[in-house]
Undergrad: 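Please find one structure pasted underneath; my questions will follow.
Read the numbers this way: they start at 1 and go in the same order the structure lists the ligands and their atoms. Any value given below was found using the heavy atoms of this structure, including those in side chains, with hydrogens, waters and symmetry copies removed. Residues: numbered from 1 along the sequence shown.
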Amino acid sequence: MYGGIEAGGTKFVCAVSNEGVIIEKISIPTTTPEETVKHVLEFFDQYEVDALGIGSFGPIGINKNAENYGYVLATPKKGWTNYNFLGTIKKHYAVPIAWTTDVNAAAYGELVKGAAKGKKSCIYLTVGTGIGAGVVIEDNIFSGIAHPEMGHIWVKRHSKDVYEGTCPYHKDCLEGLAAGPSIKARTGIKGQNLPKDHPVWEIQAFYIAQALINYTLTLAPEKIILGGGVMNQEHLLQKIRQQFVKQMNGYMETPAINEYIVRWGLPNESGIIGSLLLAEKEYKKKNNNQ
Ligand code: ADP
Ligand code: ZN
């Protein structure tokens, strides 16, 4: 039996699976680390898991040789900065634990069981309160000195956009210009209530398409999968595809645009399913090495 934790800034989803089937799943509101993790432990104490997979909101320490490995790093989420998340879970369960970001877990879930099933590589991008992405290449999550921070890349400004941007670090990076809060900041209206024909959607699409072009030029993945609250706007997906084709201007050949840039294949579950799959992968890795 495997356990998965999708640790989001708003809610935690915990689940256990047996032979690829989710047996039980709960959702816990994200409050203080102590309170939230207490509920997580109460849930997993009911089961005998063979391994755990954690996909956490970030940034997180993923360098095994660093002192902050397993910690949540500088986050605006109150009380979580420098919280030893992995260490706390490890203290309670002496099983192999996979530790990565929420978007990496989602990318992995989508590659194995979702929209990128049968492919060897994909990028999963979430456009929600923030923007973040995970990259899976040849069944492995890509990381180097840290996990990638693909939401904070630079984009060319739209000629009709004067909004300064919401990112506390960079103001007008991609996240600052195109995440959910930027829609509210420009229009006074939340994305979910903004009419489909509002000009701000073209601006959003212009920025997100640029990001997807940059990712394509850099990594050439087999698929790009879009998730997150803002991407519930079906018309936005169409606008992004159109802008992608227009701005790429025929430079790089990609699969048919409707197959290359797609919505998630595991709606709302990419992260938790990915976390469970990573638990399984970690378990097999540990047992094959013995
Ligand atoms: P989180 O990123 O916190 O996990 P979401 O992915 O739901 O959560 O993102 C929340 C953001 O997405 C908010 O800024 C919200 O206004 C926006 N949002 C949620 N639903 C929609 C929608 N249907 N259309 C456009 N924007 C949406
Ligand atoms: Zn930024």
Undergrad: Which ligand 1 atoms, with their elements, are less than 4.0 angstrom from a heavy-atom of Gly228?
TA: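 Listed by number with element: 6 (O).
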Undergrad: So, do Tyr2 and Tyr283 have ring centers that fall under 6.0 Å from each other?
TA: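 When the ring centroids of Tyr2 and Tyr283 are compared, they turn out to be within the sub-6.0 Å range.
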Undergrad: List the closest protein heavy-atom neighbour of atom 27 (C) of ligand 1: residue, atom name, distance to the nearest 0.1 Å.
TA: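 Looking only at protein heavy atoms, the one closest to atom 27 (C) of ligand 1 is Gln192 OE1, 3.4 Å.
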Undergrad: Linking I/L/V/M/F/W/Y whenever their side-chain heavy atoms sit closer than 4.5 Å, directly or via other members, would Val49 and Val13 fall into one cluster?
TA: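 No, no single cluster joins them.
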Undergrad: Give the atom numbers and elements of ligand 1 that come within less than 4.0 Å of a heavy atom of Thr10.
TA: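 Those atoms are 3 (O).
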Undergrad: Looking at the Zn ion (ligand 2), which N/O/S atom of His170 is the nearest one?
TA: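 Nearest N/O/S atom: ND1.
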Undergrad: Any nitrogen or oxygen of Thr129, side chain or backbone, less than 3.5 Å from one on ligand 1?
TA: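 Yes; at least one N/O pair falls below 3.5 Å.
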Undergrad: Which residue and non-hydrogen atom of the protein lie closest to atom 13 (C) of ligand 1, and at what distance in Å?
TA: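 Protein heavy atom at minimum distance: Gly180 CA, 4.4 Å.
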Undergrad: What I want to know is whether Gln233 and ligand 1 share at least one N or O pair that is separated by under 3.5 angstrom.
TA: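 Between Gln233 and ligand 1, an N or O pair is found under 3.5 Å apart.
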Undergrad: Geometry only, no angles: is Gly229 polar-contacting ligand 1 at N/O separations under 3.5 Å?
TA: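 Yes - when backbone and side-chain N and O of Gly229 are compared with those of ligand 1, one distance drops under 3.5 Å.
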Undergrad: Does atom CD (Glu42) have a neighbourhood of more than 12 heavy atoms from anything else shown, all under 6.0 Å?
TA: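 More than 12 within 6.0 Å, yes.
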Undergrad: Between Trp154 and Tyr207, is the ring centre distance below 6.0 Å?
TA: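 No, the ring centres sit 6.0 Å or more apart.
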Undergrad: Report the relative orientation of the aromatic rings in Phe57 and Phe12; use parallel for angles under 30°, tilted for 30 to 60°, perpendicular for over 60°.
TA: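 Ring orientation of Phe57 relative to Phe12: perpendicular.
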Undergrad: In ligand 1, which numbered atoms sit nearer than 4.0 Å to a non-hydrogen atom of Pro181?
TA: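 This gives 14 (O) as the contact atoms.
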Undergrad: Identify the closest protein heavy atom to atom 9 (O) of ligand 1: which residue and atom is it, and at what distance?
TA: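 Checked against all protein heavy atoms, atom 9 (O) of ligand 1 sits closest to Gly128 CA, 3.2 Å.
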Undergrad: Could you tell me which atoms of ligand 1, counted from 1 in the order shown, lie closer than 4.0 angstrom to a heavy atom of Gly191?
TA: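 Near Gly191, the atoms of ligand 1 are 24 (N), 25 (C), 26 (N).
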Undergrad: Under a 4.0 Å heavy-atom limit, does Val230 contact ligand 1 with its side chain, its backbone, both, or neither?
TA: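 Under 4.0 Å from ligand 1, Val230 contributes backbone and side-chain atoms.
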Undergrad: Taking atom CG of Leu278 and atom OG1 of Thr100, what is their separation to the nearest 0.5 Å?
TA: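 It comes to 7.0 Å.
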Undergrad: Under 3.5 Å between any N/O of Lys190 and any N/O of ligand 1: does that happen in this structure?
TA: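 No, Lys190 has no N/O under 3.5 Å of an N/O on ligand 1.
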Undergrad: Quick one: report the N, O or S atom of His152 that is nearest to the Zn ion (ligand 2).
TA: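 That would be atom ND1.
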